[in-house]
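Shown next, in structure tokens, is the structure this report addresses.
First the proteins, then the strands, lettered A, B, ... as listed; each starts at 1. As a basis for the values below, the full set of heavy atoms in this structure was taken, side chains included, without hydrogen atoms, waters or symmetry mates.
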Amino acid sequence: MSIPTPRHPVRVRIAPSPTGDPHVGTAYIALFNLAFARQHGGQFVLRIEDTDQKRSTAASEAAILRSLGWCGLQWDEGPDVGGPYGPYRQSERATIYAEHADLLIAKGRAYRCFCTAERLDAMRAAQKAAGDDWRYDGHCRHLDAADSAARAAAGEAHVVRLAMPQDGETIVPDALRGEVRYENGRIDDQILLKSDGLPTYHLANVVDDHLMQITHVIRAEEWLNSTPKHLELYDAFGWEAPVFVHMPLLRNADRSKISKRKNPTSLEFYQRAGILPEAFLNFLGMLGFSMPDEAEFFDFEAFSAALDFGRISLGGPVFDLDRLQHINGLWIRAMAPDALAARFADYFREDGRDVHVARLVAERVGSLGDWPHHAGPFYGASVPYGADSRHLLVGCGSKKKKAVRLSARASKAFFEDVIARLEGLADFDEVAVEAALRESTEAAGVGVGDGFMAVRVALTGRTAAPGLFETIVAMGRALSLVRLRTAANWLAQSAPGQAELEALEREVAAYRDALAHAAAAAEGGAA
RNA sequence: GGCCCCAUCGUCUAGUCAGGUCCAGGACACCGGCCUUUCACGCCGACGACGCGGGUUCAAAUCCCGCUGGGGUCACCA
């Protein structure tokens, strides 16, 4: 099966929302879009969907562009490179959406809604109590047109809703699934324009896809259920709808939709972990898709040439780091030595990280040759935790003369707390990181020395390393969090039993005694 | 919970649309071995799946129905 390609030229897009770290799911969808565009000599558009003023940030947008660029998923049109259908940032297109919303109101396909949040909350509560779907009750749907316009003109707060048909059904022609049917009566009167005057995804997306001449919408399956609303919009505007292709969702190991709590989802992590972009795309290209000849080692060109949506598997694939690591090794080994050396050099120079690291490591190295040993923990995907680390993570056994620490209290919960606090930091600098860590140790009732040592071991696999806060900042948020998660999971998998805890306590006590005896003997000897 | 999607080894998948060549093939991981000063790479081997129940058929992993299971979605977020 091949998907319909009725209109030429083919134009596809990705439309990420700049509300967080660059996501692997964005790269996954971008890969299939770009490959499809290349296969048909079409265009690939990058559009920034930043209509959520509360959550969108310029930093996130910049990071998304940077990471997609790192992947090699280069767009033909976008906010940075421009193009004939700009602007490519939705926040700069507000008047376009407002005009289109007015058009729908004039056609009677949308209406202003003046309902308050309180009324909506009450309605939802009532519907929920009755066991019904949550759906807008149409309270403002039949307001007198002149009246509605007058209230809006007077400045009364309102939104604009889609006047969804009450009967019949909408058939979504999905290129991978065939016809998916929805009863119109169950579909909500979707808000199209928010009270801040900006559009919701649904309106902006449809308007832009039309205006930007998008022919194929290749997006994640999570959008399938809102496609009937989009189809209704196309119909209301009198526009021809694009071809819809809903790709399977990437999953965590437990099969839930991939999330940063359970997986490294930031592209920055993979870049920092030393994954080759070629290998990354190769890996993504095998999720939900297989090459006709079952090849498992291929580049973008081959993928693009072979891409066939008839070969998509609809079961959501688990994002398997082991397999990614394997593919990465294949790419590294296939690379010519000089090219590989250049990659290594680039990697260690990447976004100035080694400058940070050099500063931290300088005071510890005796010669240039010591660099790899001291700098090692700052690079790569993971640090190995062995039997020793277990001891270190659980017990924080920093066996220095004056500081016997074996609290046996650094738990998964402690690491989870650290993770949550670091995730929540607006500014990821040393001051903020230190404050967060101190809060965590306090909340956990763990000594600062014990707690910090546990974090140090989790991050570096060692007890001897540069200052903790500097280390975390130099390592970067993405990599730091992943290592903390790894440590937390590793601990949880083999949580110490009561017997083991007691053994640890005995070990500490014995060590303390030994130290005390040694001290006494030393004093006795001196006297 | 309603609606929607999905269902082959632990994981990614081939095979499913055009039923027989499939007592189901490959890859990752794991385990064992070989190679080797170590590790890694490489090589060899082992383990390992058509979710269940009906039906259609001479024949079902493949077609149909039901069940079960998993996922998504039900925001003035995308």
Side-chain angles (χ1 to χ4, degrees), chain A residues 1-2 15-20 23 25-26 47-56 90 113 115-117 120-121 124 127-128 130-136 157-161 169-170 172 174 176-183 185-188 190-205 219-229 246-258 282-297 310-330 332-334 384:
Chain A
M1 178 181 82
S2 62
S17 198
T19 55
H23 201 275
T26 306
R47 184 173 71 223
I48 296 294
E49 307 224 327
D50 56 350
T51 56
D52 184 344
Q53 290 185 302
K54 293 184 208 70
R55 298 196 305 150
S56 298
Q90 290 186 331
C113 171
C115 291
T116 62
L120 294 176
D121 288 344
R124 286 204 187 97
Q127 290 180 347
K128 192 177 180 183
D132 294 338
D133 289 356
W134 296 10
R135 226 162 345 124
Y136 182 63
H158 65 280
V159 301
V160 175
R161 288 182 184 273
E169 62 177 11
T170 296
V172 174
D174 180 83
L176 305 181
R177 278 160 269 257
E179 299 185 339
V180 184
R181 317 175 95 87
Y182 295 89
E183 282 180 53
R186 324 186 66 98
I187 300 173
D188 202 7
Q190 181 64 48
I191 291 181
L192 302 176
L193 213 57
K194 298 179 277 189
S195 56
D196 66 4
L198 288 176
T200 57
Y201 170 87
H202 308 279
L203 208 219
N205 195 265
R219 80 222 304 194
E221 185 179 357
E222 58 189 328
W223 295 109
L224 183 59
N225 288 334
S226 51
T227 308
K229 293 171 183 172
H246 290 97
M247 293 291 292
L249 241 25
L250 266 22
R251 312 281 190 92
N252 296 312
D254 67 2
R255 301 237 161 240
S256 53
K257 178 167 82 167
I258 195 165
N282 187 164
F283 170 69
L284 290 179
M286 289 192 293
L287 296 178
F289 178 75
S290 60
M291 295 290 271
D293 62 356
E294 290 196 62
E296 299 186 333
F297 181 65
R311 294 191 61 82
I312 297 288
S313 301
L314 291 174
V318 171
F319 199 87
D320 181 3
L321 279 328
D322 282 333
R323 193 163 162 87
L324 171 58
Q325 186 80 26
H326 174 255
I327 299 293
N328 201 224
L330 255 29
I332 286 174
R333 270 166 253 132

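Nearest to the side-chain atoms of L224(A) among the listed nucleotides C4(B), C76(B), C41(B) stands C4(B). Distances were taken from every side-chain heavy atom of R251(A) (C-beta onward) to each of G71(B), C6(B), A29(B); the shortest belongs to G71(B). The side chain of K257(A) approaches U73(B) more closely than any other nucleotide in the set U73(B), G71(B), C5(B). Checked against C41(B), C76(B), G71(B), the side chain of R161(A) finds its nearest nucleotide in C76(B).
Taking 3.5 Å as the limit, the base of G26(B) and the side chain of E296(A) contain a donor-acceptor pair of atoms between them. For S195(A) and C76(B), a side-chain-to-base donor-acceptor distance below 3.5 Å is present, hydrogens and geometry of angles not being considered. With hydrogens and angles ignored, no donor-acceptor pair under 3.5 angstrom links the side chain of R186(A) to the base of C3(B).
The main-chain N or O of A15(A) is never found under 3.5 Å from a side-chain atom of R47(A) such that the two would form a donor-acceptor pair. Put simply, the side chain of T51(A) never gets that close to the backbone of T200(A): no donor and acceptor are under 3.5 Å apart.
Residue V318(A) is in sugar-phosphate contact alone, with no base atom involved, counting any heavy-atom pair closer than 4.0 Å across all strands shown. Across all strands shown, R124(A) has heavy atoms under 4.0 Å from sugar-phosphate atoms exclusively, and none from any base.
The aromatic rings of H202(A) and W223(A) lie perpendicular to each other, with more than 60° between the two planes, well past the 30° mark.
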